[in-house]
Amino acid sequence: MVDPAPTRPLRRALGTGLLGILVVGDILGAGIYILVGEVADDVGGLVWLPFLLAFSLAALTALSYVELVSRHPHAAGSAHYVDIAFGRPLLTFLVGYVVAASAISTAAVVSRAVGGQYLAAFVDVPVAPVAVGTIVVLSAVTWIGISESARANAVLTIVEVSGLVLVLIAGAAGLVEGQAEPSRLLEAGRGGLETSGVLAAVALAFFAYLGFEDVVHLSEEVREPRRSFPRALVGGLAVVGLLYLGVTVSVSMLVPATTLAGSSAPLLDALDAGPIPVPSRVFAVIAIVAVTNTALLALTTASRQIYGLAEKRSIPGLLGRVGRRHTPTIAIVLVAGMAATLAATGDLRELADTTVTLLLAVFAMVNVTVLVARRRIPRRDGRRVDDPFRVATFVPVLGAGACTGLLVYTLAEGGTGLFVRLGLMLAGGVVLWAVARLRPSVRG
């Protein structure tokens, strides 16, 4: 029996501006709104330091992605790049599936945040049903179409940026009126500044920068990917980095480290401590919008990754079927089911650790892939053919080393729950791979 092949192309509907907003919108969200307290629990008032170090790590890998996507735009993203560099079908599948799994895990993390910390300002409801409902609604938005999803993302991005700007203003006003204390920026917390604490905080802060890797899976829906991606990805990450640095500095100055550590709503605590009167419910709405935005794009890009793997026949071709709205319908349903299951069974910290572990492995491979892929491009008059964007060689080398080191640390420190969740998610991928091998697909 033959699985149906994709019958319609994805629609090229995104330009540079909207793509840049998507980059900012996908990165901003759950990390900065809900994990600042967890990071402060490790490093105290030095909460800004792990976010700065995590930005440096993310920037190295983002530049490697820019080189690859500008040269090889494809919905499969990382899997496509690995396939070009190594030509190993199993390795290609593993990388692609792990990327999809990380996006699904991200959607589960932030959907739980929707029903948790900030929704409590309005109503006390169980987290799991809200998380599952959020995933169902957002999956319907991804099915409607990429243009509609992108426009919704753009609106949500404006709202979530406004929340961070409020925190920045509160920090500046607190300096002027005396509520902010700059000396807190150097308070190391209860256990002092230990290497293990800093590494744990960097790994967690790294989650706040995840998302740039998702956007590359939209390359088949961008009108001019070779021109748009370098501008959108580099510019968007820079904007986010500046916002995060300013916000973490403001929060640290406004809230004592002992209060901030472990706070479930750290930015709201900062506004309460500052001189600007912002109703808690107003900011709670902004925070809910922020984490919802992250979930929307995570679900969108996970379904595109599954579509890309099906298009390459690494998984059953049925998952690559494109519906009448030019979206991968069956892939969207699969992604929604997996994300809802994770959201209903895992807690926020465990799911965040799972996402970071998966992506650190992929990022290390992507940085190596940049170096290998360059050797496969023909030369003409001493120059590479089709080489629109090229980073310095030290960038992927440092990126691979840093990601590998942090991955080893997170695995060494991870508990049983992390390994069980990773094992189950990878087992699901093995099943899809096996089914595709038993029922080989052909193009129609």
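Separation of atoms OG (S56) and CZ (F206) is listed at 11.0 Å; rounding is to 0.5 Å. The OG atom of S250 sits 5.0 Å away from the CG atom of L168 when rounded to the nearest 0.5 Å. Note that the CE atom of M365 and the OH atom of Y81 stand 15.0 Å from one another [nearest 0.5 Å]. Of the inter-residue distances, the one linking L407 atom CG with T410 atom OG1 reads 5.0 Å to the nearest 0.5 angstrom. Here L46 contributes atom CG and L185 contributes atom CG; the two are 8.0 Å apart, rounded to the nearest 0.5 Å. Interatomic distance, OG1 of T357 versus CD of E413, reported as 11.5 Å (0.5 Å rounding).
When every heavy atom of A103 is checked against every heavy atom of A302, the shortest pair comes out as CB-CB, 3.7 Å. Residues I32 and L164 come closest through the heavy atom pair CG2-CD2, 4.0 Å. The two residues V47 and T248 come nearest to each other via the heavy atoms CG1-O, 3.7 Å. Across A402 and L57, no two heavy atoms sit closer than the pair CB-CD1, 3.3 Å. Of all the heavy atoms in V395 and L60, the pair that sits closest is CG1-O, 3.4 Å. Of all the heavy atoms in V251 and A270, the pair that sits closest is CG2-CB, 3.9 Å.
Side-chain N/O atoms of T61 and N367 include a donor and acceptor closer than 3.5 Å.
Checked by atom type and distance alone, the side chain of T369 never pairs as donor or acceptor with a backbone atom of V82 at under 3.5 Å. In terms of modelled atom types and a separation under 3.5 Å, the side chain of T404 and the main chain of G401 share no donor-acceptor contact. Looking at S162, its side chain does come within 3.5 Å of a backbone N or O of V159 through a donor-acceptor pair. No donor-acceptor distance shorter than 3.5 angstrom exists from the side chain of Y209 to the backbone of L237, with no hydrogens or angles considered. Remark: the backbone N or O of A131 is not paired with any side-chain donor or acceptor of R112 at under 3.5 angstrom. The closest donor-acceptor contact from the side chain of S105 to the backbone of A101 lies at 3.5 Å or more, if one exists at all. Checking side-chain atoms of R184 against main-chain N and O of L254 turns up a donor-acceptor pair under 3.5 Å. Side-chain N or O atoms of E67 include one that pairs as donor or acceptor with a backbone N or O of V391 at under 3.5 Å.
Checking each of V335, L299, L296 against S139 for a side chain to side chain contact (heavy atoms under 4.5 Å, CB included) leaves exactly one that passes, namely L299. Each of V137, L138, V136 was scored for a side chain to side chain contact (heavy atoms under 4.5 Å, CB included) with T134, with one residue passing: L138.
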(message) Checking R421 against L351 for the side chain to side chain contact (heavy atoms under 4.5 Å, CB included) test, could you report, in this order, the C-alpha distance in whole Å, the side-chain angles of both residues, the deciding distance, and whether it holds?
(response) CA-CA 9 Å; R421 195 166 296 276; L351 290 171; 3.8 Å; yes
(message) Between L358 and V362, is the side chain to side chain contact (heavy atoms under 4.5 Å, CB included) condition met? List the steps.
(response) CA-CA 7 Å; L358 290 168; V362 172; 5.8 Å; no
(message) Under the criterion side chain to side chain contact (heavy atoms under 4.5 Å, CB included), I'd like the reasoning laid out for T92 against F86: C-alpha separation, chi angles, the key distance, then a yes or no.
(response) CA-CA 8 Å; T92 297; F86 299 98; over 6 Å; no
(request) Dump the intermediate steps for side chain to side chain contact (heavy atoms under 4.5 Å, CB included) on V234 and L63, then the final yes or no. (result) CA-CA 7 Å; V234 174; L63 287 171; 3.9 Å; yes
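Taking 4.5 Å as the limit, every side-chain heavy atom of L53 sits out of range of all side-chain heavy atoms of F55. Proximity of P50 to V43: side-chain heavy atoms (C-beta onward) are separated by under 4.5 Å at one or more points. Put simply, the side chain of V249 reaches to within 4.5 Å of the side chain of M253, judged on heavy atoms. Contact check for Y409 versus L360: no side-chain heavy atoms found under the 4.5 Å cut-off. Inter-residue side-chain proximity for W433 and L90 is flagged as met; some heavy-atom pair is nearer than 4.5 Å. Using a 4.5 Å cut-off on side-chain heavy atoms (C-beta onward), T106 and F207 make contact. Taking the side chain as every heavy atom from C-beta outward, V397 and L371 approach each other to under 4.5 Å. Side-chain contact between F419 and L411 is present, with at least one heavy-atom pair separated by less than 4.5 Å.
Taking the six-membered ring for Trp and thresholds of 30 and 60 degrees, Y244 and F51 have ring planes more than 60 degrees apart, a perpendicular arrangement.
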